[in-house]
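The sequence lines fix the lettering, A, B, ..., with proteins before strands; numbering per chain opens at 1. All values derive from a computational prediction rather than experimental measurement.
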Number of protein chains: 2
Amino acid sequence: MKKTIFVFSALIIALLFLFKLGKYAYFSGDISMEIGIAVIALVFFFIGIYINKKALQKKKPESPVVDIKKIEQLGISKREYEVLVEISKGLSNKEIAHTLFVSESTIKTHVSNLLVKLDAKRRTQAIQRAIDLQILSV
Amino acid sequence: MKKTIFVFSALIIALLFLFKLGKYAYFSGDISMEIGIAVIALVFFFIGIYINKKALQKKKPESPVVDIKKIEQLGISKREYEVLVEISKGLSNKEIAHTLFVSESTIKTHVSNLLVKLDAKRRTQAIQRAIDLQILSV
DNA sequence: ATGGTTTTGGTACTTTAGTATGAGCTTCGA
DNA sequence: TCGAAGCTCATACTAAAGTACCAAAACCAT
């Protein structure tokens with residue numbers, strides 16, 4: 001909103017400034033005036049391009065973001081989600097156990113729970129499901 | 001290139017047309033002329049936005065595409081790649097065997113070869129590697 | 001404090017996955 | 001036509017993955 005106000009203010013100022021130029025050209029004859037108008041047109045043309053580019057740049061960081069609501073809906077706990085992330089990295093249960101400082105048994109329990117909650121038969125399927133559900137950032 | 005030429009032609013024509021309007025306003029007094037200039041400016045402002053939007057729309061279908069060169073570089077055969085795709089879908093060796101109409105033994109062989117070529121220890125890791133290498137369309 | 005959830009861990013077993021090795025068959029280019 | 005490469009399949013194991021069941025400690029909110 002502030003951006004919009006700023007942009008319009010800038011446009012008004014630019015317009016007033018160009019009016020001065022226009023009058024200046026006006027006293028210098030007809031041809032100069034046409035050139036002045038051409039300059040005005042071009043300047044605003046590029047302003048339009050610039051504004052638009054800026055606007056689109058901010059839109060870009062869009063949807064590759066993930067999670068939260070669906071994770072909660074599925075009843076996946078924090079710890080389980082951590083395990084899910086490690087699974088998607090291609091780690092084995094033993095490796096996950098090491099990185100999370102717990103026993104492999106614990107990881108197996110988490111994985112089993114995850115498979116149920118994600119309705120998957122294998123960890124590879126769990127990865128796919130998680131990606132589909134936008135629970136994992138690809 | 002043709003687009004650019006067309007756009008500039010259109011701009012020149014628009015300019016000439018607006019010059020006519022400018023002259024028209026010119027004979028109607030100062031205020032009208034300033035309004036005319038403002039109109040010109042705004043018109044070109046929006047033309048700029050429009051052109052820019054069009055240009056960016058064509059750029060969009062960008063890089064989510066995949067493969068080929070790297071697949072060849074890694075020495076992955078067609079059949080092996082098919083297996084890789086099925087793996088990434090979360091299928092088991094047995095299921096892949098069914099969908100590709102071969103025995104599970106064959107799939108195991110392909111998987112083993114894939115793991116070597118992708119430098120992975122597990123199929124889940126193979127999936128990650130393949131995604132990193134842009135061999136799989138996420 | 002008491003009950004529900006989460007996290008942790010274990011045992012015992014079944015099922016997949018993955019490795020190693022060998023071998024027959026097809027295809028395709030030199 | 002000869003050989004390399006790819007695809008197929010089998011046997012025999014080892015190693016992960018997953019299931020089932022149980023249970024103690026930790027955490028959190030009423």
Side chains of [X] and [Y]: closer than 4.5 Å at any heavy-atom pair?
X: Ile76(A); Y: Leu118(A); value: yes
X: Glu72(A); Y: Ile68(A); value: yes
X: Ile135(B); Y: Tyr81(B); value: yes
X: Leu133(B); Y: Leu74(B); value: yes

Rounded to the nearest angstrom, tell me the gap between atom [atom1] in [X] and atom [atom2] in [N].
X: Glu104(A); N: dA17(D); atom1: CD; atom2: C1'; result: 9 Å
X: Ile76(B); N: dA5(D); atom1: CD1; atom2: C1'; result: 16 Å
X: Lys94(A); N: dA15(D); atom1: NZ; atom2: P; result: 9 Å
X: Ile107(B); N: dA10(D); atom1: CD1; atom2: C1'; result: 15 Å
X: Lys108(A); N: dA20(D); atom1: NZ; atom2: C1'; result: 12 Å
X: Arg123(A); N: dG18(D); atom1: CZ; atom2: C1'; result: 9 Å
X: Asn113(B); N: dC9(D); atom1: CG; atom2: P; result: 15 Å
X: His110(A); N: dG18(D); atom1: NE2; atom2: P; result: 15 Å

Review point. Looking at Arg79(B), does any N or O in its side chain come under 4.0 Å of the phosphate oxygens OP1/OP2 on dT8(D)?
Key: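 For dT8(D), OP1/OP2 do have a side-chain N/O of Arg79(B) under 4.0 Å.
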Exercise for review: May I ask you to verify if any side-chain N or O of Arg122(A) is less than 4.0 angstrom from the OP1 or OP2 atom of dA17(D)?
Suggested key: no
Hey, does the side chain of [X] reach the backbone of [Y] with a donor-acceptor pair shorter than 3.5 angstrom?
X: Gln73(B); Y: Lys70(B); answer: no
X: Lys117(A); Y: Gly75(A); answer: yes
X: Gln125(B); Y: Lys121(B); answer: yes
X: Glu95(A); Y: Ser92(A); answer: yes
X: Glu86(A); Y: Val83(A); answer: no

Could you go through nucleotides 25-30 of chain D and list every protein N or O atom that sits under 3.5 Å from one of its N or O atoms, giving the distance for each pair?
none

Exercise for review: From the options His110(B), His98(B), Arg123(B), select the one residue that forms a side-chain contact (heavy atoms from CB on, under 4.5 Å) with Asn93(B).
Suggested key: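 Answer after filtering His110(B), His98(B), Arg123(B): Arg123(B).
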Point to revise | Positional range of nucleotides in DNA chain C within the contact set of chain B, heavy-atom, under 4.0 Å | key: dT16(C) to dT19(C)
Check your understanding: What is the bend of the helix from dA1(C)-dT30(D) to dA30(C)-dT1(D) when you compare the axis at one end with the axis at the other, using five pairs each and rounding to 10°?
Key -> 60°
Classify the nucleic acid contact of [X] as base, sugar-phosphate or nothing, counting any heavy atom under 4.0 Å across all strands shown.
X: Ser105(B); result: base
X: Ser92(B); result: sugar-phosphate
X: Ser103(B); result: sugar-phosphate
X: Ser77(B); result: sugar-phosphate

Review point. Where each residue is assigned the nucleotide of DNA chain C containing its nearest heavy atom, which of Thr109(B) and Lys121(B) is assigned the position nearer the 5′ end?
Key: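 It is Lys121(B) whose nearest nucleotide is closer to the 5' end.
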**Study point:** Most 5' of Phe101(A) and Lys117(A) on DNA chain C, judged by nearest nucleotide
**Key:** Lys117(A)
Review point. In Å and rounded to the nearest 0.5 Å, what is the NZ to CD1 distance from Lys89(B) to Ile127(B)?
Key: 12.5 Å
Point to revise | Pair Thr109(A), Ser112(A): side-chain N/O donor-acceptor within cut-off below 3.5 Å | key: no
